Protein chains: 2
Amino acid sequence: MFSIGELSRRTGVKIPTIRYYEQMGLIDAPERSEGNQRRYTKAGLQRLSFIHHSRELGFPIEDIKTLLELSQHPDKPCHDAHGIAVRHLGQVQRRIAKLRRLERELKRLSQCDGDTISDCAVIETLADHGLCETDH
Amino acid sequence: MFSIGELSRRTGVKIPTIRYYEQMGLIDAPERSEGNQRRYTKAGLQRLSFIHHSRELGFPIEDIKTLLELSQHPDKPCHDAHGIAVRHLGQVQRRIAKLRRLERELKRLSQCDGDTISDCAVIETLADHGLCETDH
DNA sequence: CTTGAAGCTATAGTGACTAGAGGGATTATA
DNA sequence: TATAATCCCTCTAGTCACTATAGCTTCAAG
């Protein structure tokens, strides 16, 4: 049995976020101490770790809810879980591609060696989309 | 002189977003027609393009405000604009690195070939952080 | 002159938290 | 045992950058 603070330390999820997850129905409301403080069990910790990890991987909360429900029915086909992961992979790959174009453009920007705004590549590039190296 | 709809079409910024930018003070309130509809000039279009492009590059609105102010004083040193771009480049590079770790993990996830939840790699991997290939 | 698309304001909702106020509980030390 | 320090409680509101909705008015084409 640990307090919310200890749960937070063990999982890396901030205290207000834990309470928020409880409110959102991602984790069950835990037992309380005599003084009305939350007391978590190991099961609660595992569930929160699952959530934390999934969030780190960028899964939205609704998807995590689905994954959690699925994980509670080990005899069901894993079809849906698989689908969520694949869909997410696609999104991540698109985000990477976009960011790499952006990186190239910013690298160019940050090499600006003008002294004043009037010949600063940053402003110029942002002002005129037509000057971009890449299309976005 | 064009309407908000035309401005939207020309810049790719959605109509409610244009009005939102006006409210946030990113763009000036334009002139109005007799019937109280917004009428934009070419200057307004250029400013909105600047904003749109900057947003696509992921600059937060506050940074864009600064960049816009800077661009209005072409005789000032471009120091700040340059700083904003460099700072942003760092953030982007960190985001890319994180996403690529994530991509590797998701690829592994999406190759799950279990039939039921109980041996689905997706659920398993999310449940046990210790199984991750990478540290995040 | 009518009709349908486009525009107006104002308010509320989104996602995933984060911050603050104003209090009560628990724990470590004197 | 007293007390101080730390932790925890609820509730409300704020963040960012939009997005959606409702109920109305205006514009442009035929």
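Because only heavy atoms are used, hydrogens play no part in the values below, and waters and symmetry mates are left out as well, while side chains stay in. Reminder, nothing fancy here: chain letters follow the sequence lines and each chain counts from 1. Treat the numbers as computed from the prediction; the structure is a model and nothing was measured.
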Rounding to a whole Å, what distance do you find between [X]:[atom1] and [N]:[atom2]?
| X | N | atom1 | atom2 | result |
| --- | --- | --- | --- | --- |
| Arg19(A) | dT18(C) | CZ | C1' | 12 Å |
| His52(A) | dC17(C) | NE2 | P | 10 Å |
| Glu62(A) | dC17(C) | CD | P | 13 Å |
| Ile18(A) | dC7(D) | CD1 | P | 14 Å |
| Ile15(B) | dA17(D) | CD1 | P | 21 Å |
| Phe2(A) | dC8(D) | CZ | P | 13 Å |
| Leu7(B) | dA6(C) | CG | C1' | 14 Å |
| Met1(A) | dT26(C) | CE | P | 14 Å |

* Of the listed nucleotides dT19(D), dT18(C), dC9(D), the one nearest the side chain of Thr17(B) ->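 Within the option list, the nearest is dT19(D).
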
* Asked: With distance as the sole test, does Arg47(B) use its side chain to make a donor-acceptor pair with the main-chain N or O of Leu26(B) at under 3.5 Å?
  ->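 Yes, because the side chain of Arg47(B) sits within donor-acceptor range (under 3.5 Å) of the backbone of Leu26(B).
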
* **Any donor-acceptor pair under 3.5 Å from Ser49(A) side chain to Leu45(A) backbone** =>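 Between the backbone of Leu45(A) and the side chain of Ser49(A) there is a qualifying donor-acceptor contact (under 3.5 Å).
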
[N] OP1/OP2 closer than 4.0 Å to side-chain N/O of [X]:
| X | N | value |
| --- | --- | --- |
| Lys14(A) | dT18(C) | yes |
| Tyr20(B) | dC16(D) | no |
| Ser3(A) | dC8(D) | yes |
| Arg55(A) | dG15(C) | no |

* Charged N-O contact under 4.0 Å between Glu22(B) and Arg19(B) ->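 No, no charged N to carboxylate O under 4.0 Å.
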
* Nucleic acid contacts - residues 22-38 of chain A versus DNA chain C, non-hydrogen atoms under 4.0 Å ->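 Those residues are Ser33(A), Gly35(A), Gln37(A).
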
* Look up atom CD in Gln46(B) and atom OG1 in Thr41(B), then write down how far apart they are to the nearest 0.5 Å. =>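 Separation between the atoms: 8.5 Å.
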
* To do: Any chance you could measure Ile27(B), atom CD1, to Tyr40(B), atom OH, to the nearest 0.5 Å?
  =>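 Result: 5.0 Å between the selected atoms.
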
* Begin with the C-alpha distance, continue with both residues' side-chain angles, and end with the deciding distance and a verdict on side chain to side chain contact (heavy atoms under 4.5 Å, CB included) for Arg39(B) and Ser3(B). => CA-CA 5 Å; Arg39(B) 289 297 174 257; Ser3(B) 67; 3.6 Å; yes

* Position toward the 5' end of DNA chain C (nearest nucleotide), Ile4(B) or Arg39(A) ->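 Here Ile4(B) is the residue nearer the 5' end.
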
* Between Arg32(A) and Arg38(A), is a side chain to side chain contact (heavy atoms under 4.5 Å, CB included) present by the stated rule, with each step listed? -> CA-CA 5 Å; Arg32(A) 300 287 182 128; Arg38(A) 289 169 180 81; 3.4 Å; yes

